[in-house]
*Asks:* 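Here you go, one structure.
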Amino acid sequence: LILGISKLADAILIPDIPGSVDVPRKLEDKTHFIGSLIYHDETLTKDDLRRKYGVGVDAKVIVVTIGGSDFGKILIENMCDIAHTLDVDYIYMFTGFEINPDEFKCKVRSNNVIIKQFTYNLVEWMKLSDLTVALAGHTTTMELISIAKPNILIPQKNHIEQQKNIERIKPYNITQTLDINNKDQLKTTINETLKKLDTIKVDEKQHKEFMKYDGCQNTLKIIEENNI
């Protein structure tokens with residue numbers, strides 16, 4: 001179905017940079033790598049965003065997002081279970097529209113674990129965090145690359161796209177990954193990562209190349225050129 005639609009399309013827009021996806025030769029001429037469509041105000045610093053959302057500037061913060069995926073429920077549950085063992089001040093977790101935050105009960109350190117359903121500015125919450133833990137969806141991957149945020153990405157088992165997203169982000173040197181069901185590994189990886197945050201630096205060459213592409217402007221240009 002997708003291949004059939006692609007053949008009929010005047011233009012195919014891929015929200016990533018060249019080399020990220022293999023394109024069939026027959027579709028190369030009308031395929032455009034437009035770059036990320038993620039928007040965030042680059043002038044706002046981590047401290048600016050913490051003041052905006054009332055988060056302590058000196059607090060150690062983790063943000064967790066599962067994007068409304070039932071698969072990700074176990075991540076929220078595991079984070080609740082290990083919250084008291086993590087060297088952080090606050091854990092903000094976002095379930096997505098499809099999942100009710102009231103499903104989860106964090107009995108320990110409940111004042112420090114805040115579970116929200118949705119925010120229009122998730123990328124800003126990621127940016128204000130010290131570490132983001134998330135499922136390995138394409139949008140999340142693009143957001144984390146864009147803001148160069150240290151992260152732990154967890155791919156859905158047997159999900160080819162998410163596995164590719166993990167490989168996609170690895171060269172930026174900001175990502176670790178693990179099995180979603182391994183609670184002990186999650187605890188260890190989070191605490192060890194928090195200890196070495198100062199040493200986690202994005203690969204500047206890779207990041208600079210990624211940021212060259214303005215997905216929104218490129219999309220507009222292609223639409224105008226093709227009279228779509």
*Asks:* When you measure from the side chain of His207 to the backbone of Ile145, do you find a donor-acceptor pair of N or O atoms at a distance under 3.5 Å?
*Replies:*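 Side chain of His207 to backbone of Ile145: a pair is present.
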*Asks:* Please tabulate, for side-chain N and O atoms in residues 190-197, each donor-acceptor pair with protein atoms closer than 3.5 Å (sequence neighbours left out).
*Replies:*
residue: Asn191; atom: OD1; partner: Asp87; partner atom: N; Å: 3.0
residue: Asn191; atom: ND2; partner: Thr85; partner atom: O; Å: 3.0
residue: Thr193; atom: OG1; partner: Gln176; partner atom: NE2; Å: 2.5
residue: Thr193; atom: OG1; partner: Thr189; partner atom: O; Å: 2.6

*Asks:* Give me the ring orientation class for Tyr172 and Phe210: parallel if the planes are under 30° apart, tilted from 30 to 60°, perpendicular past 60°.
*Replies:*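 Tyr172 vs Phe210 ring planes: perpendicular.
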*Asks:* At what distance, to the nearest 0.5 angstrom, does CD1 of Ile152 lie from OG1 of Thr177?
*Replies:*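 Separation between the atoms: 9.0 Å.
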*Asks:* If you draw a 6.0 Å radius around NZ in Lys26, do more than 12 non-hydrogen atoms from other residues or ligands fall strictly inside?
*Replies:*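 Atom NZ in Lys26 is not packed in, count stays at 12 or less.
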*Asks:* Hey, are Glu77 and Lys183 close enough for a salt bridge, meaning a charged N less than 4.0 Å from a carboxylate O?
*Replies:*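 Salt bridge absent between Glu77 and Lys183.
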*Asks:* Between Arg50 and Asp130, does any NZ, NE, NH1 or NH2 come within less than 4.0 Å of an OD or OE carboxylate oxygen?
*Replies:*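 So Asp130 pairs with Arg50 through a salt bridge.
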*Asks:* Quick one, Tyr92 and Val61 - any side-chain contact, counting heavy atoms below 4.5 Å?
*Replies:*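 The answer is yes; the side chains approach within 4.5 Å.
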*Asks:* Per the side-chain contact (heavy atoms from CB on, under 4.5 Å) rule, which among Met142, His138, Glu143 passes with Ser36?
*Replies:*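 Only one option passes, and that is Met142.
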*Asks:* Report the residue from Ile62, Val55, Ile91, Val63 that forms a side-chain contact (heavy atoms from CB on, under 4.5 Å) with Ser129.
*Replies:*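 Output: one option passes, namely Val63.
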*Asks:* One thing to verify: whether Lys30 and Asp10 come together as a salt bridge, which I'm taking to mean a side-chain N less than 4.0 angstrom from a carboxylate O.
*Replies:*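 The answer is no: the pair does not qualify as a salt bridge.
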*Asks:* Restricting to non-hydrogen atoms, name the atom on Phe71 and the atom on Pro155 that form the minimum distance, rounded to 0.1 Å.
*Replies:*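 That would be CZ-O, 3.8 Å.
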*Asks:* Any side-chain heavy atom of Asn173 sitting closer than 4.5 Å to one from Val202?
*Replies:*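 Side-chain contact under 4.5 Å: no.
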*Asks:* Identify the two heavy atoms, one from Val21 and one from Phe33, that lie closest to each other, and give their separation to 0.1 Å.
*Replies:*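 Reported closest heavy-atom pair: O-CZ, 3.6 Å.
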*Asks:* Inspect the contact between Asp179 and Lys157 and indicate whether a charged nitrogen and a carboxylate oxygen are less than 4.0 angstrom apart.
*Replies:*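 Salt bridge absent between Lys157 and Asp179.
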*Asks:* Only one of Ile147, Thr45, Asp48 passes side-chain contact (heavy atoms from CB on, under 4.5 Å) with Lys127; say which it is.
*Replies:*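 The option that passes is Ile147.
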*Asks:* So, Gln117 side chain and Phe97 main chain: donor-acceptor pair closer than 3.5 Å or not?
*Replies:*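 Between the backbone of Phe97 and the side chain of Gln117 there is a qualifying donor-acceptor contact (under 3.5 Å).
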*Asks:* Once rounded to the nearest 0.5 Å, what's the spacing between atom SG of Cys106 and atom NE2 of His84?
*Replies:*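 Cys106 atom SG to His84 atom NE2 measures 11.5 Å (nearest 0.5 Å).
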*Asks:* Indicate yes or no for a side-chain donor-acceptor contact from Asn78 to the backbone of Ile180 under 3.5 Å, with no hydrogens or angles considered.
*Replies:*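 Yes; at least one donor-acceptor contact below 3.5 Å.
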*Asks:* Is the number of heavy atoms from other residues, nucleotides or ligands under 6.0 Å of Asn100 CG greater than 12?
*Replies:*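 Yes, enclosed.
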*Asks:* How close do Leu144 and Ile174 get, counting heavy atoms only, and between which atoms?
*Replies:*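 Heavy atoms of Leu144 and Ile174 come nearest at O-CD1, 3.7 Å.
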*Asks:* Any chain of hydrophobic side-chain contacts (each under 4.5 Å) joining Ile74 to Met93?
*Replies:*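 Linked within one cluster.
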*Asks:* With a 4.5 Å cut-off on side-chain heavy atoms, are Thr219 and His32 touching?
*Replies:*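 No - every pair of side-chain heavy atoms lies 4.5 Å or more apart.
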*Asks:* To the nearest 0.5 Å, what is the distance between CG on Asp214 and CD on Gln217?
*Replies:*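 Here the interatomic distance stands at 5.0 Å.
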*Asks:* When clusters are formed by joining ILVMFWY residues with side-chain heavy atoms under 4.5 Å apart, either directly or through shared neighbours, do Ile114 and Val133 land in the same one?
*Replies:*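 They do share one cluster, since a chain of ILVMFWY contacts under 4.5 Å joins Ile114 to Val133.
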*Asks:* When you look at Phe94 and Leu122, which way does the side chain to side chain contact (heavy atoms under 4.5 Å, CB included) test go after all the steps?
*Replies:* CA-CA 8 Å; Phe94 296 89; Leu122 183 57; 3.7 Å; yes
*Asks:* So which atom in Ala136 and which in Leu153 form the shortest heavy-atom distance, rounded to 0.1 Å?
*Replies:*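 It is CA-CD2, 4.1 Å.
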*Asks:* Please round to the nearest 0.5 Å and tell me the distance separating atom CG of Leu13 and atom CD1 of Ile222.
*Replies:*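 So the gap between those two atoms works out to 5.0 Å.
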*Asks:* If I compare all heavy atoms of Leu135 with all of Gly72, which pair ends up nearest, and what's the gap?
*Replies:*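 In terms of heavy atoms, the two residues are closest at CD1-CA, 3.9 Å.
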*Asks:* Measure the NE2-CD distance between His159 and Gln156 for me, rounded to the nearest 0.5 Å.
*Replies:*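 The distance works out to 5.0 Å.
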*Asks:* Determine yes or no for a side-chain-to-main-chain donor-acceptor pair under 3.5 angstrom, with Asn112 supplying the side chain and Asp89 the backbone.
*Replies:*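 Checked: pair present.
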*Asks:* Working note: Leu49 + Asp47, criterion side chain to side chain contact (heavy atoms under 4.5 Å, CB included); need CA distance, chi angles, decisive distance, verdict.
*Replies:* CA-CA 5 Å; Leu49 291 170; Asp47 288 354; over 6 Å; no
*Asks:* Test side-chain hydrogen bond (donor to acceptor under 3.5 Å, both in side chains) on Asp41 and Thr43; report intermediate values, then the result.
*Replies:* CA-CA 5 Å; Asp41 188 343; Thr43 66; 2.5 Å; yes
*Asks:* Taking atom types as modelled, find out whether Thr132 and Asn151 have a side-chain donor-acceptor pair closer than 3.5 angstrom.
*Replies:*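 Result is no, nothing qualifies.
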*Asks:* Tell me whether Met211 is reachable from Leu44 by hopping between hydrophobic residues (I, L, V, M, F, W, Y) whose side-chain heavy atoms are closer than 4.5 Å.
*Replies:*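 Result: yes, single cluster for both.
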*Asks:* Examine the side chains of Thr119 and Asn121 and answer whether a donor and an acceptor come within less than 3.5 Å of each other.
*Replies:*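 There is no such pair (donor and acceptor under 3.5 Å, judged by atom type) between the side chains of Thr119 and Asn121.
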*Asks:* A side-chain contact here means heavy atoms from C-beta on lying under 4.5 Å apart; do Phe104 and Lys73 qualify?
*Replies:*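 In short, these two side chains touch, coming nearer than 4.5 Å.
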*Asks:* Given the rule in the side chain to side chain contact (heavy atoms under 4.5 Å, CB included) test, do Ile115 and Cys80 qualify, once you have shown the distances and angles that lead to the verdict?
*Replies:* CA-CA 10 Å; Ile115 306 179; Cys80 284; 4.1 Å; yes
*Asks:* Determine, stepwise, if the pair Lys221 / Glu224 fulfils salt bridge (charged side-chain N to carboxylate O under 4.0 Å, His left out).
*Replies:* CA-CA 5 Å; Lys221 181 181 178 182; Glu224 289 176 342; over 6 Å; no
*Asks:* Take Arg51 and Val57 through the test side chain to side chain contact (heavy atoms under 4.5 Å, CB included) and record every step on the way to the result.
*Replies:* CA-CA 7 Å; Arg51 283 187 282 267; Val57 171; 3.9 Å; yes
*Asks:* Can you tell me how far apart NZ (Lys149) and OG1 (Thr140) are? Round to the nearest 0.5 Å.
*Replies:*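 So the gap between those two atoms works out to 14.5 Å.
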*Asks:* Strictly distance-based, threshold 3.5 Å: is any side-chain N or O of Ser20 a donor or acceptor partner for the main-chain N or O of Ile17?
*Replies:*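 Indeed, once roles are kept as given, a pair shorter than 3.5 Å links the two residues.
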*Asks:* Quick check: do Asn182 and Asp184 have side-chain heavy atoms less than 4.5 Å from each other?
*Replies:*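 Sidechains of Asp184 and Asn182: in contact.
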*Asks:* Consider only side-chain heavy atoms of I, L, V, M, F, W and Y, link residues closer than 4.5 Å, and tell whether Val88 and Tyr53 are in one cluster.
*Replies:*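 Per the 4.5 Å side-chain linkage, Val88 and Tyr53 are co-clustered.
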*Asks:* Which residue in the set Gln163, Lys170, Lys164 passes side-chain hydrogen bond (donor to acceptor under 3.5 Å, both in side chains) when paired with Glu167?
*Replies:*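 Of the listed residues Gln163, Lys170, Lys164, the side-chain hydrogen bond (donor to acceptor under 3.5 Å, both in side chains) partner of Glu167 is Lys170.
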*Asks:* Do you know which two heavy atoms are closest between Tyr39 and Val123, and how far apart they sit?
*Replies:*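 Between these two residues, the closest heavy atoms are O-CG1, 3.9 Å.
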